[in-house]
> 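Below is the structure I would like to discuss, written out as structure tokens.
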Amino acid sequence: MSKTLIASFAQKLLVWHQAHGREGLPWQGIKDPYAVWISEIMLQQTQVATVLERYPRFMARFPTVKQLALAPIDAVLAEWAGLGYYSRARNLHACAKQVMEQFSGTFPSDPRLLESLKGIGRSTAGAIAAFAFHERAPILDANVKRVLARLFAIEGAIEEKKVNDLLWGLAQELLPTDSERMPVYTQALMDFGATWCTSRKPVCLSDAYVCTFAKQCQANLSNQVLMLPQKKVKAKSPEFDADLLLMRHQNAVLLQRRPEKAIWGGLWSLPESPWRAKANKVDQEIQGHFFSPEEILKLTLPNENAELGHKDYQQVILGERIKHVFTHRRLWMQIWHMNSAKAVQFTDENLRWVSLHQLGQYGLPQPIKLLLQGLNPVRDDE
DNA sequence: AAGCCGGGGAG
DNA sequence: CTCCCAGGCTT
């Protein structure tokens, strides 16, 4: 490795940051560990533009770790709805309780202790320690992995442990000696990866600017920038079909809480059939139109079918067909509309009638939220 | 080591 | 369309 580059990297990066760093992001320059922690979790795998709107809202709703710890999980999930990766919200809540109980409500500064908390891995621990406590702890997010893989022309898929260990070692070596520089250095590193050393349109390949590291970057010197970092090829995501029951009783709709381990874990959604491998076109047309009300109930509410007796509903109407794309799956949801003559009381606490006006209090999957927003409430005087 | 977990923006 | 992202957890 280039000793010269390692020795001069932090200083050069800081000079770059002074001229080209991002400004005006609401979580920049924050010292409150709680506020730093929320921003770091929210920004995991999530775009800045999205977080820009949601971060202030979350902080206003849960201003302190104590208030977050005392809040019901449904309130946290409702505030998190639409952000995805809902284990983050569940872990956030659990972590707040941990901080209250194990650390008397004060975040520890030691990255190893931070890493012992729910939902905080090595990189997030490093970020919190650096931003809030000026600790000389490295981060290794996608930005840093890309920057380092290019600077040092590191071969091999970054998913491999050997490569990952190498990157962590470099991230540690490159840290500024002066711990007081850690917040701005960490911010600069992310800014550089996010705005200059980007995945598909890095500055070194345009003529807008000359990259600060053009003469040191091994990938640039060997014309390999777009080929690094290397990644393993992912399998094509499988496709599934599912049937969802949209049961209404006046202004209320029947919601069901999803199991924690599943996709959309812990959120409230419509009763849903098991997923099945997507059928071909002919099968779709055959199945699509021949479900009876009994069959829909049996598919989506197998254990509650008896409670929701046959006399309580009239007919089933073939509704929307919604395509939803996940990172590793594609799902086609067939919505079946039914009306219930009465609001059957369920013994299952995971089933609940919810007024259309109170949907905001529930964490709903984004496509379900959009679907239910399109429903017209029945007027009270009708 | 590999799979799982969302959603939206960029190209 | 595909790829990408201020990752971490589970198996």
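So that the names make sense, note that chain A is the first sequence line, chain B the second, and so on, each numbered from 1.
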> A:Lys323 has a side chain; which of C:dC1, B:dG6, C:dG8 sits nearest to it?
C:dC1
> Any side-chain N or O of A:Arg329 under 4.0 Å from OP1/OP2 of B:dC4?
yes
> Rounded to whole angstrom units, what separation is found between the CD atom of A:Gln230 and the P atom of C:dC4?
13 Å
> When rounded to the nearest Å, what value does the distance between P atoms of C:dT10 and B:dG6 take?
14 Å
> Do you know the tightest heavy-atom contact between A:Met42 and A:Phe58?
CE-CB, 3.7 Å
> Is the phosphate of C:dC9, meaning OP1 or OP2, less than 4.0 Å from a side-chain N or O of A:Arg90?
no
> Rounded to the Å, how far apart are A:Glu159 CD and B:dA1 C1'?
10 Å
> With a 4.0 Å cut-off on heavy atoms, is A:Glu115 in touch with a base, just the backbone sugar-phosphate, or nothing at all?
nothing
> Between A:Lys261 and A:Asp141, name the one whose nearest nucleotide on DNA chain C is closer to the 5' end.
A:Asp141
> Do any side-chain atoms of residues 5-19 of chain A form donor-acceptor pairs under 3.5 angstrom with protein atoms, and if so which ones, sequence neighbours left out?
{"unit_1": "A:Ser8", "atom_1": "OG", "unit_2": "A:Thr4", "atom_2": "O", "d": "2.9"}
{"unit_1": "A:Ser8", "atom_1": "OG", "unit_2": "A:Leu5", "atom_2": "O", "d": "3.4"}
{"unit_1": "A:His17", "atom_1": "NE2", "unit_2": "A:Asp191", "atom_2": "OD2", "d": "3.4"}

> As a test of reading the structure: which of C:dT2, B:dC5, B:dG6 is closest to the side chain of A:Gln45, going by heavy atoms?
B:dG6
> Between P on C:dC3 and NZ on A:Lys145, what's the gap in Å once rounded to a whole number?
18 Å
> So does A:Thr327 reach the base of B:dG6 with its side chain, donor to acceptor, closer than 3.5 Å?
yes
> Does OP1 or OP2 of B:dA1 have a side-chain N or O of A:Lys161 closer than 4.0 Å?
no
> Given B:dG7, is OP1 or OP2 found less than 4.0 Å from the side-chain N or O atoms of A:Trp264?
yes
> Checking all strands, does A:Ala142 fall into the base, sugar-phosphate, or nothing category for heavy-atom contacts under 4.0 angstrom?
sugar-phosphate
> When you check the phosphate oxygens OP1 and OP2 of C:dC5, does a side-chain N or O of A:Tyr85 lie under 4.0 Å from one of them?
no
> Nearest of B:dG8, B:dC5, C:dC9 to any side-chain atom of A:Gln366?
B:dG8
> I'd like to know if the side chain of A:Glu295 and the backbone of A:Ser292 have a donor-acceptor N/O pair within less than 3.5 Å.
yes
> So what does A:Leu83 hit on the nucleic acid, given a heavy-atom distance under 4.0 Å: a base, only sugar-phosphate, or nothing?
base
> Closest heavy-atom contact between A:Ala341 and A:His249?
O-CE1, 3.2 Å
> Would you kindly give the NE2-to-C1' distance between A:His328 and C:dG8, to the nearest whole Å?
13 Å
> With ring centroids as reference points, do A:Trp264 and A:Phe326 lie under 6.0 angstrom apart?
yes
> Below 30° counts as parallel, above 60° as perpendicular, anything between as tilted: where do the rings of A:Trp27 and A:Tyr55 land?
perpendicular
> Output the rounded distance in Å from NZ (A:Lys231) to P (B:dA1).
17 Å
> Please determine, for the side chain of A:Thr50, which listed nucleotide (B:dG8, C:dC4, B:dG6) has the closest atom?
B:dG8
> Taking the nucleotide of DNA chain B with the closest heavy atom to each, which residue, A:Glu160 or A:Ala262, is nearer the 5' end?
A:Glu160
> In whole angstrom, what separates A:Arg54's CZ from B:dG7's C1'?
11 Å
> Measure CG/A:Asn164 against C1'/C:dG8 and give the value in whole Å, please.
12 Å
> Base, sugar-phosphate alone, or nothing: which one does A:Gly82 contact when heavy atoms must sit under 4.0 Å apart?
sugar-phosphate
> Mind checking if A:Ser123 touches a base, just sugar-phosphate, or nothing, with heavy atoms under 4.0 Å?
sugar-phosphate
> Please pick, from B:dC4, B:dG7, B:dG6, the nucleotide with the shortest atom-to-atom distance to any side-chain atom of A:Gln47.
B:dG7
> Which residue lies toward the 5' end of DNA chain C, A:Val48 or A:Asn91, if each is placed at its nearest nucleotide?
A:Val48
> For the pair A:Tyr209 and A:His20, name the ring-plane relationship: parallel under 30°, tilted 30 to 60°, perpendicular over 60°.
perpendicular
> Would you say the base of C:dG8 and the side-chain of A:Thr124 have a donor-acceptor pair closer than 3.5 Å?
no
> If you assign A:Gln44 and A:Arg200 each to the DNA chain B nucleotide with the nearest heavy atom, which residue ends up on the more 5' nucleotide?
A:Gln44
> Could you state the NZ-C1' distance from A:Lys234 to C:dT2, rounded to the nearest angstrom?
11 Å
